[in-house]
Structures are given as structure tokens and as C-alpha cells.
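All heavy atoms count here, side chains included; hydrogens, waters and symmetry mates do not.
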Protein chains: 2
Amino acid sequence: MAKSKNTEQKIFDAATELFLEKGVDRTSVREIAAKAGINLALMNYYFRSKENLFDAIFSMLVKKNSEELIRILDSDLGLFEKIRQYVHVYIDMLSDNPLLVSFVMAILHRSRERITEMKVISSLYSTDQFTKQILEEGKKGNIRRTDPTHFFVDMLSLIAFPFAIRMLVMDKNNFTQEEFNQFIRERKDRVPDILIESLKPRS
Amino acid sequence: MAKSKNTEQKIFDAATELFLEKGVDRTSVREIAAKAGINLALMNYYFRSKENLFDAIFSMLVKKNSEELIRILDSDLGLFEKIRQYVHVYIDMLSDNPLLVSFVMAILHRSRERITEMKVISSLYSTDQFTKQILEEGKKGNIRRTDPTHFFVDMLSLIAFPFAIRMLVMDKNNFTQEEFNQFIRERKDRVPDILIESLKPRS
DNA sequence: AAATCGTTTTAAACAATGTTTAAAACAGGG
DNA sequence: CCCTGTTTTAAACATTGTTTAAAACGATTT
């Protein structure tokens with residue numbers, strides 16, 4: 001067990017860098033091996049497959065980023081403030097990690113096959129506390145009675161989809177990268193406003 | 001030029017069927033050739049590459065489906081009614097063509113490379129008339145003053161993203177396929193409600 | 001110190017992919 | 001009937017992820 005941890009780490013690091021830089025599909029295992037300075041077969045020796053290697057890296061990335069989101073959902077903040085914070089932090093997170101967006105896209109793209117990774121993403125959304133909160137506030141009449149699943153899907157959609165169609169938005173509006181960033185920043189207030197408005201009791 | 005149109009069509013049809021059935025990435029050109037009953041090289045003779053073949057098929061599919069959407073956006077319906085119809089038709093379209101969803105996912109996934117297909121999608125959104133309408137209604141005070149780009153992105157997000165995360169939603173809520181379909185159906189009224197609510201002047 | 005045993009590394013090959021080549025088959029017009 | 005351009009074919013190519021079987025290594029036992 002001399003250099004074992006060492007090589008495994010070298011593969012992991014090289015792959016992470018390349019995956020993030022060029023995307024999973026456009027990175028070959030030979031490239032990874034070259035960058036890590038190791039033999040090709042070692043990749044399959046330590047990780048059973050490229051897919052497996054991706055899983056490991058992805059899990060690591062998600063875990064690193066998801067803690068704060070989960071903490072917010074489980075906190076005892078008021079519903080509206082919770083929504084504001086969640087959206088804010090989530091959009092910041094996706095802004096800071098473009099790679100994360102493209103990873104998730106890759107997974108969603110083949111969602112039927114990528115069940116393992118799907119579970120990892122799924123673990124990001126422990127919505128029990130949040131669900132309860134929505135139901136209770138609805139019962140109390142503080143907000144409109146709302147299906148928590150629908151609401152959560154609405155929230156995720158408004159947060160994440162704009163990143164997925166970034167190229168489309170930029171092309172359509174002749175945005176520079178910086179203008180797109182600004183566009184996204186504006187959504188940090190806009191999205192919570194829409195969501196909260198949809199919860200307010202009818203006038 | 002004897003059987004030329006014939007073979008080209010045979011390739012096109014076989015590929016369409018396979019792409020829709022198993023997805024683009026999981027369909028090999030040899031499979032297409034076999035199904036079409038033609039020689040492997042003919043695929044590259046008529047279409048320059050697999051990518052190109054995909055483009056041709058995708059453009060065809062989009063054109064077939066997008067007419068109605070464009071017609072609605074350009075119509076002189078009232079804003080709220082226009083939103084309702086657009087969302088309704090769009091969600092129906094995505095429900096009826098799961099393949100279309102997975103195609104778009106594939107394209108968005110590699111949006112940096114797939115510029116051709118991006119343009120095809122982009123052509124789907126001739127929002128000039130719709131943009132003008134939002135600005136005018138805002139000026140008149142009938143609705144809140146709203147950035148049309150943001151609003152259109154909101155609308156697309158709420159319509160399309162749930163399809164992208166279908167597996168996640170099903171897994172999280174233990175939905176059957178039919179229950180998911182029902183969930184989507186519910187959104188045909190829900191999504192316009194949210195959007196319209198977000199436009200209504202503050203109370 | 002030498003031998004043994006499990007772990008790590010290596011070079012080579014494998015099967016499957018998309019793509020290209022160079023020649024053959026074909027069709028129609030001079 | 002031959003010539004010319006189009007269509008088709010079989011074979012090969014380069015690149016992918018993965019596997020194999022042997023070599024190198026390291027520590028433990030004899």
C-alpha cells in the first residue's frame with residue numbers, strides 16, 4: 001500500500017480537472033492517464049470504469065456544495081425568508097461552479113441510465129421539513145394551500161433552467177458573458193418574488 | 001439519381017425511429033445502416049456525419065411542432081390568454097413527444113458545440129410581438145412593468161424543466177409514469193397562474 | 001538473505017465506435 | 001458501345017473504453 005493512495009489521488013485530481021475543463025464526454029481516459037502520469041490500465045484498476053470515476057468525483061462535488069442548501073431547508077426560518085435564502089445561495093452556487101451545471105446536465109441527459117448519480121442529486125433534496133412548513137402555513141391560512149411538490153419543482157425550475165439555456169439566452173439577446181452574469185444576478189431577487197407572490201392568499 | 005432519394009429517405013427514417021427509441025448517443029451508425037438495409041458508408045455519403053444526420057432530423061421535428069407555438073406568440077390574443085394558451089400547447093407538445101425532450105437535453109448538454117442545433121431552437125422563439133405586448137401593457141399600467149426577457153425565461157423554465165428532471169421527481173415522490181403525467185397535466189393551469197400572478201400590479 | 005505472497009504497474013490486445021478510402025456497379029447520353 | 005458521373009460496396013482507419021496476462025514491487029515469513 002505504498003503509493004496506492006497516491007496514484008488513486010493523482011487519477012482523481014487529473015480527471016476532476018479535465019472533466020471540469022472540457023466536460024466528461026470530451027475527456028478520454030487516455031488523456032486522464034497522461035495528465036496523471038500513470039498507466040492507462042490503472043484507471044480501471046482503481047475505479048472500475050470511467051463512469052465510476054465520474055460518480056466518485058460528482059459525489060464529492062455535490063457533497064461539498066450541498067451542505068448549506070440542506071441546512072437552509074431544514075432551518076426554522078420563516079417560509080418566505082427561507083425561500084429567499086435558498087434561491088440566493090443556490091443561484092450563487094451555480095454561478096460559481098459552471099462545471100456543476102454541466103455535470104448535472106450530463107446526468108439529466110441520460111437520466112434513465114445514470115441512476116447512481118440521480119440518487120446523489122436526489123439526496124440534495126431532503127424536503128421533509130420544507131414540505132411540512134408549506135402544508136402548515138397553508139392550513140393556518142398564512143399562505144394559499146399549495147402542493148409542496150409543485151412548489152419545489154417551480155422553485156428548482158426558476159433557479160436552474162436559466163443556466164441550462166444559457167447559450168440560448170445569450171444568443172437571443174446578444175448578451176456578453178458579463179451581461180448574462182448580470183441577468184442571473186437579477187434573478188436572485190426576482191425568483192423569490194415570483195414564488196412568494198404565488199403563495200400569497202388571493203386578494 | 002435512381003434510388004438516391006429512396007436510400008436517403010431510408011436512412012432518415014431508420015435513424016429517426018432509432019434516435020427516438022433509444023436516444024442519439026445509444027444508437028450506432030451500424031445499427032442505422034442495418035435497419036435501413038443499406039451499406040454503412042452510405043450514411044456518410046448522404047449525410048456528412050452522424051451529427052449532421054441528427055441535425056436534419058431535429059430540424060424536421062422542431063419545424064413540425066413549433067408552428068403552433070409561434071402562431072400563438074404572434075397572435076393578437078390578450079396577454080393573459082396568450083400565456084395560458086402558450087403554456088398549455090407547449091406542455092402538451094412536450095408530453096406527446098418525449099423524444100423531443102431528450103433531443104433538446106442532448107443539445108443543451110453540449111450547447112457550446114451544438115451551435116447549429118441551438119440556432120434551430122432559437123428560431124422557435126420569435127418573441128418580438130410578445131415582448132412588445134409586455135412592454136406596452138406595462139406602460140399602460142395593466143400589468144407590473146416587467147423585463148420581457150426575464151419573463152420569457154421564467155415561462156420556459158416552468159414549462160420545460162420539470163420534464164428534464166422527470167426521473168428525479170418520480171424517484172422523490174414514488175410516482176408511477178401515469179402519476180407523473182398527471183403531475184404534468186396539473187401544471188397546465190398552475191404555471192399560467194403563477195406567471196399571471198407575477199404580472200398583476202402590486203396590491 | 002532467500003523465498004513467498006499479495007498488491008501495484010505495465011504493455012499489449014480487445015471490441016465497439018464514427019469515418020474514410022479506393023474500387024466496383026450502375027445509369028444515362030454522346 | 002463507350003464514357004462520365006453517380007451510387008454502392010468491402011475494407012480499412014483512428015479513436016474510444018475496457019480487459020488480460022505478465023512483470024515489478026514490497027512486505028512478511030522462513
Side-chain angles (χ1 to χ4, degrees), chain A residues 1-58 102-103 106-107 109-110 112-117, chain B residues 1-58 102-103 106-107 109-110 112-117:
Chain A
M1 206 195 274
K3 292 186 104 190
S4 100
K5 261 282 170 298
N6 216 326
T7 13
E8 189 172 351
Q9 195 62 41
K10 274 196 280 186
I11 297 171
F12 192 93
D13 292 343
T16 304
E17 202 164 322
L18 285 170
F19 282 172
L20 298 192
E21 182 185 322
K22 340 180 10 183
V24 186
D25 298 330
R26 283 165 297 292
T27 302
S28 76
V29 294
R30 281 170 181 79
E31 246 179 308
I32 298 173
K35 176 150 202 157
I38 53 100
N39 185 282
L40 171 63
L42 286 179
M43 207 236 86
N44 283 70
Y45 177 74
Y46 285 104
F47 308 86
R48 291 200 326 275
S49 64
K50 184 189 178 185
E51 177 95 9
N52 224 50
L53 174 55
F54 173 76
D55 279 4
I57 294 176
F58 182 69
S102 92
F103 272 26
I107 291 167
H109 174 213
R110 308 203 211 296
R112 255 178 248 141
E113 298 136 47
R114 302 230 140 138
I115 307 182
T116 315
E117 301 98 326
Chain B
M1 204 196 275
K3 292 185 105 191
S4 101
K5 262 282 170 295
N6 218 327
T7 5
E8 189 173 350
Q9 195 62 41
K10 273 197 280 187
I11 297 172
F12 193 92
D13 292 344
T16 304
E17 202 165 322
L18 285 170
F19 282 170
L20 298 193
E21 183 185 323
K22 341 181 7 184
V24 187
D25 297 331
R26 284 165 296 292
T27 302
S28 76
V29 294
R30 282 169 181 79
E31 246 179 310
I32 298 173
K35 176 150 203 159
I38 52 100
N39 184 282
L40 171 62
L42 287 179
M43 206 235 89
N44 282 71
Y45 177 74
Y46 285 104
F47 307 86
R48 290 199 327 276
S49 64
K50 185 189 177 186
E51 177 96 8
N52 224 50
L53 174 56
F54 172 76
D55 279 5
I57 293 175
F58 181 70
S102 93
F103 273 26
I107 291 168
H109 173 214
R110 307 203 212 299
R112 255 179 248 143
E113 297 137 48
R114 302 228 141 141
I115 307 181
T116 315
E117 301 97 326

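- Within the structure, every side-chain polar atom (N or O) of A:Thr7 is placed at least 4.0 Å from both OP1 and OP2 of C:dT8.
- In terms of the side-chain hydrogen bond (donor to acceptor under 3.5 Å, both in side chains) criterion, residue partners of A:Arg26 (sequence neighbours excluded) are, by chain and number, B:Glu113.
- Between A:Tyr46 and C:dT9, a side-chain N or O to OP1/OP2 separation shorter than 4.0 Å is present.
- Between A:Asn52 atom CG and A:Asn44 atom CG the span is 9.5 Å, to the nearest 0.5 Å.
- Within residues 28-42 of chain A, the residues that have a heavy atom under 4.0 Å from DNA chain D are, in order of number, A:Ser28, A:Val29, A:Arg30, A:Leu40, A:Ala41.
- Within residues 49-57 of chain A, the residues that place at least one heavy atom under 4.0 Å from DNA chain D are, in residue-number order, A:Ser49, A:Lys50.
- Summarising the geometry, the separation between CZ on A:Arg26 and P on D:dG17 is reported as 13 Å, rounded to the nearest angstrom.
- Qualifying side-chain contact (heavy atoms from CB on, under 4.5 Å) partners for B:Ser28, counting only residues two or more places apart in sequence or in other chains: B:Arg30, B:Glu31.
- Look at CG on A:Asn44: it is 6 Å from P on D:dT19, rounded to the nearest Å.
- In this structure, A:Asn6 atom CG and C:dT9 atom C1' are separated by 14 Å, rounded to whole Å.
- Residues B:Phe54 and B:Phe103 are in side-chain contact: their nearest non-hydrogen atoms beyond the backbone lie under 4.5 Å apart.
- Screening residues 39-51 of chain B for salt bridge (Lys or Arg N to Asp or Glu O under 4.0 Å), with sequence neighbours left out, gives B:Glu51-B:Arg114.
- The bend of the helix from C:dA1-D:dT30 to C:dG30-D:dC1, defined by the angle between the axes of its first five and last five pairs, stands at 40° to the nearest 10°.
- Rounded to an integer number of Å, the gap from OH of B:Tyr45 to P of D:dG5 is 13 Å.
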Which side-chain N or O atoms in residues 11-21 of chain B pair as donor and acceptor under 3.5 Å with protein atoms at least two apart or in another chain?
| residue | atom | partner | partner atom | Å |
| --- | --- | --- | --- | --- |
| B:Asp13 | OD1 | B:Gln9 | NE2 | 3.1 |
| B:Thr16 | OG1 | B:Phe12 | O | 2.6 |
| B:Glu17 | OE2 | B:Lys35 | NZ | 3.2 |

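- Taking CD1 of A:Ile57 as the start and CD of A:Glu117 as the end, the distance is 11.5 Å to the nearest 0.5 Å.
- Straight-line distance from the CG atom of B:Leu18 to the C1' atom of C:dG18: 16 Å, rounded to whole Å.
- Side-chain contact between A:Ile32 and A:Leu53 is present, with heavy atoms from C-beta onward closer than 4.5 Å.
- Across the protein-nucleic acid pair, A:Met43 atom CE and C:dA11 atom P stand 18 Å apart, rounded to whole Å.
- The CG-P distance, from A:Asp25 to C:dT17, rounds to 16 Å in whole Å.
- B:Ala41 pairs by the side-chain contact (heavy atoms from CB on, under 4.5 Å) definition with B:Asn39, not counting sequence neighbours.
- What you find for A:Phe47 and A:Glu8 is that their closest heavy atoms are CZ-CG, 3.9 Å.
- In terms of the salt bridge (charged side-chain N to carboxylate O under 4.0 Å, His left out) criterion, residue partners of B:Asp25 (sequence neighbours excluded) are, by chain and number, A:Arg110, B:Arg110.
- Atoms NZ (B:Lys10) and P (D:dT8) sit 8 Å apart, rounded to a whole Å.
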